[in-house]
K.L.:
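Got a structure for you, written out below as C-alpha cells; questions coming shortly.
Because the structure is predicted, anything quoted here is derived from the model rather than measured. Per chain, numbering begins at 1; letters A, B, ... match sequence-line order.
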Amino acid sequence: MSLLSIKNLSVRFDSQAVLEGLSFDVEKGDLVAVIGPNGAGKTVLFRALLGLLPFDGEVVWPKNIKIGYVPQKLFIARDLPLTVMEFLQLKGAVDEEIYESLQAVGFLKDHRHHTDQHLLRAKIGQISGGELQRVLIAYALINHPDILLFDEPTAGVDIGGEETIYSLLEKLHQKHGLTIVLITHDLNVIYRYAKKVLCLNKEKVCYGTPQEALNPKTLEELYGTKIGLYPHEHHN
Amino acid sequence: MNTIINPSLTTSLIVGAIVGAASAYLGSIMILKRMALVGDALSHVALPGIGIALAFQLNPFLGAFTALAIGIFLIWQIERRTSVPTEAIVGLIFTVALAIGILVTPEPDLLEALFGDIAKVSIADALLAAALSGLIFTIMIPVKNKLVLSLISPDLAKSQRINTDRLHLVFLALVAVVVALGVKVVGTLLMGSLVIIPAIAAKNVARSFSGYGKVSLIFGVVSAVAGILLASKFGLPPGPLVVLASASVFLITLTFRRS
C-alpha cells in the first residue's frame, strides 16, 4: 500500500531549481533513507512533503494521515524556561500518551525512574544532544503517527548516542511497523538499516533497495567525484 | 507637585495593577520571541495617534490603539513580504512615528503623552483596562502553547498545521492593545519597561514555563503598585518610579540566576 506518492515534484528558490522532477512512492512499512551531498535538496524535500514551502507537482498523502516530524537541528537557548515535560505537552496529548512515547524511545524503563523524572523537569535547553534527540523523537511519536520523517538523526550526537538512535529507529520500525523516511549522510546506516534508498542531487539519481540502487556509478553521479564506499560526513 | 490623592489613588492602583499584569504576561512571550525592543519601539508609534486624538478632543487610548494597529500591520506585512530584518523595520517605523507625533501633539499635552499620567485615570479608563486585559488573557491562554512551539521551531509548528503567520499577527495585535493601555500608565517613552523588565526578572528565577508566566505577571503587578504608591508618597511622577521599582525587582532576581 502506498503511503506517500510524489509525482514530478519541483521546488525553486528565486527561479533557481532546488528539486527537479522528482517522483517516487513510499510504501507502508518502508524504511527509506534519503542520501545526497550538501545542498542536494534533502531538507527541502522534507519541507515540501510537510507543505512548509511552495512547490510544483504532486505530493499525495492518504486522507487524515498522521505525520511525525523530527527537525534537523533546534537551537534552544539554555535559559529557555520550558521543561522537557512542558515541551512534550505542547502537542496537546494527555500525559499517559506522553509516558507511552517516552517509553518507546527508551526513557522511563524502570517505572518512571527518578533520573528520568529528573530529565522531565529539566529545562529543554540544558539536556544533552542525545537526550534532546530522543525527546524530539518521543514528541514525534505522540499520538501514534503513521509515518516518521526524520531529518539527519545523527546531527550533533556522539558515536555512542548515534548507535542508540539508529537501533531505536530500527526497533520502532520492526516492532510498531512504523514507516520511516530519514535523511542521512552515512552509507553504513543505509546498508545496515534501510529497506530503500533515495539518492538525491536536485533530481532522483537512484531509488530502490541499497543493494540494487547503490553502486560506484550512482555514487559518482551523486557526489560528482569517485568516492570510496563509505563517505562519512556529519555537517550539512 | 503631589498630584495623586485619594480616591483617585485607588483607581490608579487598580489600573496600574491590571495593566502591569497584562503587559508583563505578554512581555514574557515577547522576551522569548526576542521581541523585547519591539514592544519598546512600538510604544513610540502610539504618539502620533495620541497627538491627533488630543487635537480633536477624542479619547487618547483610541488614537494610540489606531496608530499602533496601523504600525503593527505595516511591520507584519513588511516582515512577510521582504527579508528586511524586523529590528530594521521597527527602527524605521518608530522613529518616523515619533517625529510625526512630536509635530502633531499639542504642546501642553506632549509631556503627558510622553511620560503618561496615571493620576488622571478615570473610572471609565479602569473599566476599559479591565475589559481589554480580560480579553488579552482570554486569547492568550489557549494560544500560548502554539506560540511557544512556533518560537522553538516554526517548521515543527507548521507541520502540526499551526498557522504561524496568523498566530504572530494575533500576538502583535494583543501587544498593540497592551501598549495602548500602558501608555496611560507610564507614557510612550517608558512603556517598554512594563513588557520587558518583569519578564526578564521572571526568567532569572523561573524553572518552568508555567512558573515563568505567573512570576512575570506577579512582578508586573508588584512593580506597578509599588511605583504608584512611592510616587504618591513622595509627590513624584509615577511612570519613572514604576520603571525603577521593576528594575529593583530585576536586580534582586539577578542574585538567583544560576549560570
K.L.:
Which distance, rounded to the nearest 0.5 Å, do you find between the CG of A:Leu90 and the OG of B:Ser153?
P.N.:
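With rounding to 0.5 Å, CG (A:Leu90) is 11.5 Å from OG (B:Ser153).
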K.L.:
Report, as yes or no, whether the 6.0 Å neighbourhood of atom NZ on B:Lys146 holds more than 12 heavy atoms from other residues, nucleotides or ligands.
P.N.:
no
K.L.:
Counting only heavy atoms not in B:Phe73, do more than 12 fall under 6.0 Å of its CZ?
P.N.:
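It does not: B:Phe73 CZ has 12 such atoms or fewer within range.
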K.L.:
Rounded to the nearest 0.5 Å, how far apart are NZ of A:Lys123 and OG of B:Ser208?
P.N.:
9.0 Å
K.L.:
Decide side-chain contact (heavy atoms from CB on, under 4.5 Å) for A:Tyr139 and B:Leu156; before the verdict, give the C-alpha distance in whole Å, the side-chain angles of both, and the deciding distance to 0.1 Å.
P.N.:
CA-CA 10 Å; A:Tyr139 185 88; B:Leu156 205 54; 3.9 Å; yes
K.L.:
Taking the side chain as everything from C-beta on, heavy atoms only, tell me whether B:Ile152 gets closer than 4.5 Å to A:Phe75.
P.N.:
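Side-chain contact under 4.5 Å: no.
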K.L.:
Chain B heavy atoms under 4.5 Å from A:Ala140: which part of the residue, side chain, backbone, both or neither?
P.N.:
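No part of A:Ala140 comes within 4.5 Å of chain B.
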K.L.:
State, with a plain yes or no, whether a side-chain heavy atom of A:Arg47 is found less than 4.5 Å away from one of B:Asp155.
P.N.:
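A side-chain contact under 4.5 Å exists here.
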K.L.:
At what distance, to the nearest 0.5 angstrom, does NZ of A:Lys91 lie from CG of B:Asn145?
P.N.:
13.5 Å
K.L.:
So with a 6.0 Å cut-off around CZ of A:Arg12, is the heavy-atom count from everything else above 12?
P.N.:
yes
K.L.:
For the side chain of A:Glu86 and the backbone of B:Ser210, is there at least one donor-acceptor N/O pair under 3.5 Å apart?
P.N.:
yes
K.L.:
Given the options B:Lys144, B:Lys203, B:Arg161, which has more heavy-atom pairs under 4.5 Å with chain A than any of the others?
P.N.:
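Between B:Lys144, B:Lys203, B:Arg161, the count favours B:Lys203.
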K.L.:
Pick one: which of A:Leu52, A:Leu53, A:Leu50 meets side chain to side chain contact (heavy atoms under 4.5 Å, CB included) with B:Lys158?
P.N.:
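Of all the options given, the one that passes is A:Leu52.
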K.L.:
Is the count of non-hydrogen atoms from other residues, nucleotides or ligands lying under 6.0 Å from B:Lys214 atom NZ greater than 12?
P.N.:
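Not buried by this count: 12 neighbours or fewer within 6.0 Å.
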K.L.:
Measure the spacing between CG of A:Asp79 and CD1 of B:Ile31 and express it to the nearest 0.5 Å.
P.N.:
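If I round to the nearest 0.5 Å, the distance is 11.0 Å.
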K.L.:
Against chain B, label A:Leu82 side chain, backbone, both or neither, depending on which of its atoms sit under 4.5 Å from a heavy atom there.
P.N.:
both
K.L.:
I need the B:Phe209 CZ to A:Leu80 CG distance, nearest 0.5 Å.
P.N.:
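That separation rounds to 8.5 Å.
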K.L.:
Heavy atoms, side chains only, cut-off 4.5 Å: are B:Ser159 and A:Leu149 in contact?
P.N.:
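A side-chain contact under 4.5 Å is absent here.
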K.L.:
Would the number of heavy atoms belonging to other residues, nucleotides or ligands and lying under 6.0 Å from NZ of A:Lys28 be above 12?
P.N.:
no
K.L.:
Considering only heavy atoms, which portion of B:Leu149 lies under 4.5 Å from any heavy atom of chain A: side chain, backbone, both, or neither?
P.N.:
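For B:Leu149, heavy atoms of backbone and side chain both lie under 4.5 Å from chain A.
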